[in-house]
There are 2 protein chains.
Amino acid sequence: MKKHTLGKLHKNTLHQQIVSLLAQRIINTMHPGDKLPSERDIAADLDVNRATVREALKKLEMLGLIEIRHGEGIFIKDYLTSGNLELFKMMIYLNDTIPFSILQNLLEIRKIIVPQMAAIASQNINREEIQLFESIIENNDTILEKDLAVHQLIAKASKNLLYMFLLNFFNQIFRDFGYLYFENPDNQTRSQKFHRELLEAFKSGNSKKAFSITQNVLEYTEKRIYAYYSQIYPDRG
Amino acid sequence: MKKHTLGKLHKNTLHQQIVSLLAQRIINTMHPGDKLPSERDIAADLDVNRATVREALKKLEMLGLIEIRHGEGIFIKDYLTSGNLELFKMMIYLNDTIPFSILQNLLEIRKIIVPQMAAIASQNINREEIQLFESIIENNDTILEKDLAVHQLIAKASKNLLYMFLLNFFNQIFRDFGYLYFENPDNQTRSQKFHRELLEAFKSGNSKKAFSITQNVLEYTEKRIYAYYSQIYPDRG
DNA sequence: GTGGTTCAGTGGTTCAACCACTAACAGTAT
DNA sequence: ATACTGTTAGTGGTTGAACCACTGAACCAC
């Protein structure tokens, strides 16, 4: 790895490549409790510097994939019981297509939590946030950006920092795949309708309405995404 | 808030100390878009090596606190729109006591999602998982370990990997604070009752019952925790 | 057995140097 | 004036070698 013998496209940093490489190796071929080679050996195997390997290992540690013990070594953790949302995100991007089961997981959780938070937001929202909502609807951003902003406003109005962070997770994924969804004009108008209706529910402080409005649009979204997915991959839907 | 308050001193690694230091500095005194000093300057300021600083910066990057741009520098991100659950966790442990608002956030989200997942689990659980549930109830672990295991089983039975990872987040926190909760014998028997009832609901595949049983115990838990908290900090409850 | 010592192997940290990228600027050609 | 080009300073990215700190196992003395 010392010299770029070929004009390869190295868009990622070296330690990021090592993160992906080791993550795949760990998930696919190793088991909890297994010991990873020493930092020196990994560095030698990959023909990179030990410091670079260490930066990659620090990231893998934060993903919940490994545990680094001073004086002992590096051990594989059970990602089912120690993995976090960052690992989930990486699993999405490791493959070139998002696995269908992962997609289902995502939409299932989303449908559970978002309507409830919209209901809570309707009770806690203040004038300033109402105005922000109106300006989001009126501005000239793309519908994708608007929708992301609306959900962020729901989180802000809910006054729940944990939901704010949870939403960041959803949005980071949706930002990458959402453009596909909004290529369909029907989906665009459906979201615009959702934004308008939710604003009214917020203005009147009607939590039940906020809940149902949000639930309905998520169910619509779900159907559309499944339809799209099974159209692209007829054997998986 | 670790259990072993005696005997174990602060033996954090140097780069971990730097993570905490920089995280506090960023959250408390800096704003999104601000530029952090260069790696070389930070290393000089803290009188540590640049490689050590870099390992800390890699972690801060994964927390969503900073963005590192090759050739440009290190920039503060808006943690409200880029922070993740790991950052939320760090915010809990940065202070010596868990802030009340954070506690509320946690319990609010937990109460929304866990009963729904229990209902889903009741529909997807298989014989093997039923047996695992029974063995959890019968074994001799502490009630804290049992309760963590029961929730893990709910996640496993739900067949939702994302919820599995979300639960890891909750459990990592509950593992550190839960022993306080279970010091109360009433709370212990309440959880044991929950485990038995949920097992029956799972056996009969009754999703509504699984939902309400889980919701009830979470509401009980919530009240107890709030009561405990306002007893310790009378001015905040 | 018990307790202390040594030793090899591991992660943690340091140092100095160089590579690769970015922005800003000055100079040039058009 | 405008657009292009090369230079340069400052930044993060990577390297190599060395040493420090911790762990477990083997060994030894009692």
Side-chain angles (χ1 to χ4, degrees), chain A residues 1-23 25-26 30 33-77 82, chain B residues 2 4 7-23 25-26 30 33-77 82:
Chain A
M1 287 266 184
K2 206 166 184 179
K3 283 296 177 182
H4 301 173
T5 52
L6 284 179
K8 289 183 183 178
L9 218 55
H10 284 199
K11 57 180 176 180
N12 284 333
T13 62
L14 197 46
H15 61 261
Q16 190 55 49
Q17 295 177 42
I18 296 175
V19 168
S20 301
L21 182 71
L22 292 180
R25 186 176 300 180
I26 290 171
M30 302 191 74
D34 286 358
K35 194 174 177 182
L36 220 55
S38 72
E39 295 180 347
R40 289 168 179 83
D41 288 347
I42 296 175
D45 281 354
L46 302 181
D47 197 21
V48 298
N49 190 269
R50 193 178 149 215
T52 306
V53 172
R54 280 179 60 79
E55 291 184 7
L57 291 175
K58 288 286 163 296
K59 290 199 174 185
L60 291 173
E61 187 183 28
M62 291 213 78
L63 291 175
L65 274 179
I66 62 173
E67 180 179 354
I68 305 175
R69 299 192 208 136
H70 189 179
E72 293 186 63
I74 308 161
F75 298 86
I76 310 299
K77 296 181 78 171
S82 63
Chain B
K2 292 295 170 80
H4 315 83
K8 293 236 174 184
L9 300 179
H10 288 71
K11 282 198 174 181
N12 285 339
T13 61
L14 196 46
H15 62 259
Q16 190 54 49
Q17 294 177 41
I18 296 175
V19 168
S20 301
L21 181 71
L22 291 181
R25 187 177 297 180
I26 289 170
M30 302 191 76
D34 286 357
K35 194 175 177 182
L36 220 56
S38 72
E39 296 180 346
R40 290 168 178 83
D41 289 347
I42 296 175
D45 281 352
L46 302 180
D47 198 20
V48 297
N49 189 268
R50 194 178 148 213
T52 307
V53 172
R54 280 179 61 80
E55 291 186 6
L57 290 175
K58 288 288 162 294
K59 289 200 173 183
L60 291 173
E61 187 183 27
M62 291 215 79
L63 291 175
L65 275 178
I66 62 173
E67 181 180 355
I68 304 174
R69 299 193 209 134
H70 190 180
E72 293 187 62
I74 307 161
F75 298 86
I76 311 297
K77 297 181 76 171
S82 63

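Lettering follows sequence order; numbering is per chain, from 1.
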Over how many whole Å does the gap from Lys58(B) atom NZ to dG12(D) atom P extend? 10 Å
Whole-Å distance between dT11(D) C1' and Ile42(B) CD1? 12 Å
Would one find a side-chain N or O of Thr52(B) under 4.0 angstrom from OP1 or OP2 of dG12(C)? no
May I ask you to test the Leu22(B)-Leu57(B) pair for a side-chain heavy-atom distance under 4.5 Å? yes
Spacing of Gln16(A) atom CD relative to dG12(D) atom C1', expressed in whole Å: 15 Å
If you assign each of Arg69(B) and Ala51(A) to its closest nucleotide in DNA chain D, which residue comes earlier from the 5' end? Arg69(B)
Taking only the side-chain heavy atoms of His70(A) (C-beta and beyond), determine which of dC15(C), dG12(D), dA21(D) contains the nearest atom. dA21(D)
Whole angstrom is fine here: how far is it from CD1 in Ile68(B) over to P in dT22(C)? 15 Å
Side chain of Arg40(A) only, please: which of dT13(C), dT14(D), dC19(D) is the nearest? dC19(D)
Look at His15(B) and dT13(C) and indicate whether a side-chain polar atom (N or O) is within less than 4.0 Å of OP1 or OP2. yes
Which of the following nucleotides, dT14(D), dG12(D), dG12(C), is nearest to the side chain of Ile74(B)? dG12(D)
Can you establish whether the number of heavy atoms outside Arg69(B) located under 6.0 Å from its atom CZ is more than 12? yes
Per atom distances to the Glu72(A) side chain, the nearest of dG12(D), dT11(D), dG24(D) is dG24(D)
Below 4.5 Å, heavy atoms only, C-beta onward: do His15(B) and Val48(B) meet side chain to side chain? no
Asn12(B) CG - dA21(D) P separation (whole Å): 17 Å
Where the side chain of Lys35(A) is defined as all heavy atoms beyond and including C-beta, which of dT11(D), dG12(C), dT10(C) is the nearest nucleotide? dT10(C)
Rounded to the Å, how far apart are Gln17(A) CD and dG13(D) C1'? 12 Å
For dC30(D), the Watson-Crick or wobble partner whose two distances fall under 3.5 Å: dG1(C)
Restricting to non-hydrogen atoms, name the atom on Lys77(A) and the atom on Ile66(A) that form the minimum distance, rounded to 0.1 Å. CD-O, 3.5 Å
Phosphate OP1/OP2 of dG13(D) contacted by Arg54(B) side-chain N/O (<4.0 Å): yes
Please state whether the base of dG12(C) and the side chain of Arg50(A) form at least one donor-acceptor pair under 3.5 Å? yes
May I have the distance from Leu46(B) (atom CG) to dC15(C) (atom P), rounded to whole angstrom? 13 Å
Between CD of Glu39(A) and C1' of dA21(D) the distance, given in whole Å, is 13 Å
Closest approach of Ala23(A) and Leu60(A), non-hydrogen atoms and distance? CB-CD2, 4.0 Å
